[in-house]
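So that the names make sense, note that chain A is the first sequence line, chain B the second, and so on, each numbered from 1. Source: prediction; values computed, not measured.
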There are 2 protein chains.
Amino acid sequence: MLSQTVEYALRAVIFLASVSPDAQTTSEIGRATQVPLAYLSKVLQGLRQEGILKSQRGVGGGISLVRTPQELTILDVVNAVEPLGRITTCPLGLAAHGEHLCPLHRRMDDAIQVMEEAFHSTTLAEVLADPNPSIPLTNIGAPLCGVPATSQKKKK
Amino acid sequence: MLSQTVEYALRAVIFLASVSPDAQTTSEIGRATQVPLAYLSKVLQGLRQEGILKSQRGVGGGISLVRTPQELTILDVVNAVEPLGRITTCPLGLAAHGEHLCPLHRRMDDAIQVMEEAFHSTTLAEVLADPNPSIPLTNIGAPLCGVPATSQKKKK
DNA sequence: TTAAATCCGGACATTCACATCCAATTTATG
DNA sequence: CATAAATTGGATGTGAATGTCCGGATTTAA
């Protein structure tokens, strides 16, 4: 449904949003998000090329958000990694249909659209602010489950 | 987003619904839906194993729906081919979270759920009944664009 | 019984998502 | 300048999704 890469990308940007506007190294992001490090670097590279993230090489460098968490929606991230694939033209290739879809494809696109709207209506800041108060278990309520919320250790 | 196989499966069942309860050969379905014949047979096989379709071998045989178009939803077909992948447990593997998702995964699952509901709320019969009246172009209004609506030629 | 129609199932090919590894490049700092 | 920290990009591997091919099994009908 949603690809593994989308899952990884969202974990990464949520974590980055939680420390925004600070930069984090790929290793730090990997540790926090539990994403395989070698693959994470590819995902982050893609997000940078799409203008979601920016990077700084060298000592003290790392990855950070281009926009603020208030300005960045879940949809922005999803579309940067793998566009949702709205159905805009007839998949059967009937050019005569133009922008008008048959009843089947209209409903398929409608379903994709409601998902798109759900993603568009939520910013990273809103995810972070969600207290999720009704849940009593350990570590629940963190924007990204299992992530040590805004770990503030600066060694050296 | 939605896989190619889902697209093919929906085309096939919509066509079968349009002639329900009659059976159609794989070749006839392939011609009507523009799906590669060799692959279509695999897709149909899967739908049969999932209890969506039934088949009859030999001369005069073919494929037909198990249920009526009124009783079959788009979601039934989608789930038979490739389950939507609702998020029921923490993808980070934190068992302690149990059934409670963190804010990020709660929103991701919510988005999948709205799509699931959109598919669940539509039967094949409703797709077929959709007149799509506002559209003036050729062949528009057919439940599956490009399909000769309930082609009634019986040769021999 | 034979033949034709039709589905069934396995083997194979291709492409892509996912993932790993490592050398090259950039940058801050002593 | 030399070194260590960090990203970048290329090469490569693996498995799943997509797609093709064909012989075998089943059923109807002549």
Side-chain angles (χ1 to χ4, degrees), chain A residues 1-12 16 19 22-66 78 80-85 91 154-156, chain B residues 1-12 16 19 22-66 78 80-85 91 154-156:
Chain A
M1 188 63 228
L2 295 173
S3 75
Q4 195 67 19
T5 306
V6 165
E7 161 81 26
Y8 290 164
L10 285 172
R11 285 190 210 172
L16 283 172
V19 298
D22 287 357
Q24 300 288 315
T25 68
T26 302
S27 297
E28 287 168 328
I29 300 171
R31 184 166 0 99
T33 60
Q34 301 274 87
V35 176
L37 210 56
Y39 190 60
L40 175 62
S41 77
K42 297 298 186 202
V43 176
L44 295 175
Q45 236 177 108
L47 289 170
R48 182 187 58 82
Q49 287 163 1
E50 293 296 320
I52 303 296
L53 304 179
K54 58 189 170 185
S55 60
Q56 174 65 43
R57 284 185 175 185
V59 178
I63 314 271
S64 56
L65 296 181
V66 167
V78 171
V81 170
E82 167 191 281
L84 277 185
K154 276 295 179 185
K155 53 190 170 187
K156 176 63 180 299
Chain B
M1 186 67 228
L2 296 174
S3 74
Q4 196 67 20
T5 305
V6 165
E7 161 81 26
Y8 291 163
L10 286 172
R11 285 190 210 172
L16 284 171
V19 298
D22 288 358
Q24 300 288 317
T25 67
T26 301
S27 297
E28 288 167 327
I29 301 171
R31 185 166 359 99
T33 60
Q34 301 275 87
V35 177
L37 210 55
Y39 190 60
L40 174 62
S41 78
K42 297 296 185 202
V43 176
L44 295 175
Q45 237 178 109
L47 288 170
R48 183 187 57 83
Q49 288 163 0
E50 292 296 319
I52 303 295
L53 304 178
K54 58 189 173 188
S55 60
Q56 174 65 42
R57 285 183 175 185
V59 178
I63 315 270
S64 56
L65 294 182
V66 167
V78 171
V81 169
E82 167 191 282
L84 276 186
K154 276 294 179 184
K155 53 190 168 187
K156 175 63 173 301

Item to check | side-chain contact (heavy atoms from CB on, under 4.5 Å) involving Ala12(B) - partner list, sequence neighbours excluded | outcome: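 So Ala12(B) forms a side-chain contact (heavy atoms from CB on, under 4.5 Å) with Ile29(B), Leu40(B), Leu44(B).
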
Next on the checklist: Applying side-chain contact (heavy atoms from CB on, under 4.5 Å), can you list everything that pairs with Pro36(B), at least two apart in sequence or on another chain?
Outcome noted: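 side-chain contact (heavy atoms from CB on, under 4.5 Å) check on Pro36(B) returns Tyr8(B), Tyr39(B).
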
Using whole Å, report how far [atom1] of [X] lies from [atom2] of [N].
X: Leu37(B); N: dC22(D); atom1: CG; atom2: C1'; value: 14 Å
X: Glu7(B); N: dG19(D); atom1: CD; atom2: C1'; value: 16 Å
X: Glu50(B); N: dC8(C); atom1: CD; atom2: C1'; value: 17 Å

Checklist entry - Looking at side-chain heavy atoms only, is the closest gap between Ile63(B) and Thr25(B) below 4.5 Å? => result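 Not in contact.
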
Next on the checklist: Within the structure provided, determine whether Ile52(B) and Val66(B) are in side-chain contact (heavy-atom separation under 4.5 Å).
Outcome noted: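 A side-chain contact under 4.5 Å is absent here.
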
Next on the checklist: Could you walk me through whether Gln24(A) and Leu16(A) satisfy the side chain to side chain contact (heavy atoms under 4.5 Å, CB included) test, starting with their C-alpha distance in whole Å, then the side-chain angles of each, then the deciding distance to 0.1 Å, before giving a yes or no?
Outcome noted: CA-CA 7 Å; Gln24(A) 300 288 315; Leu16(A) 283 172; 3.8 Å; yes

Item to check | Set of residues satisfying side chain to side chain donor-acceptor pair (under 3.5 Å) with respect to Glu82(B), sequence neighbours excluded | outcome: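 Testing Glu82(B) for side chain to side chain donor-acceptor pair (under 3.5 Å), a comparison that skips the adjacent residues, returns Ser3(B).
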
Checklist entry - Considering residues at least two apart in sequence or located in another chain, which fulfil the side chain to side chain donor-acceptor pair (under 3.5 Å) criterion with Ser41(B)? => result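 Partners of Ser41(B) by the side chain to side chain donor-acceptor pair (under 3.5 Å) criterion come out as none, since no residue qualifies.
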
Next on the checklist: Can you tell me how far apart CZ (Arg11(A)) and CD (Glu7(A)) are? Round to the nearest 0.5 Å.
Outcome noted: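 Those atoms lie 4.0 Å apart.
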
Protein-nucleic acid N or O pairs under 3.5 Å, nucleotides 15-18 of chain C:
unit_1	atom_1	unit_2	atom_2	d
dC18(C)	OP1	Gln4(A)	N	3.0
dC18(C)	OP2	Thr5(A)	OG1	2.3

Next on the checklist: Does the protein touch nucleotides 4-15 of chain D at the base, only the backbone, or not at all? Give it as B, S and - per nucleotide, heavy atoms under 4.0 Å.
Outcome noted: BBSBSBB-----

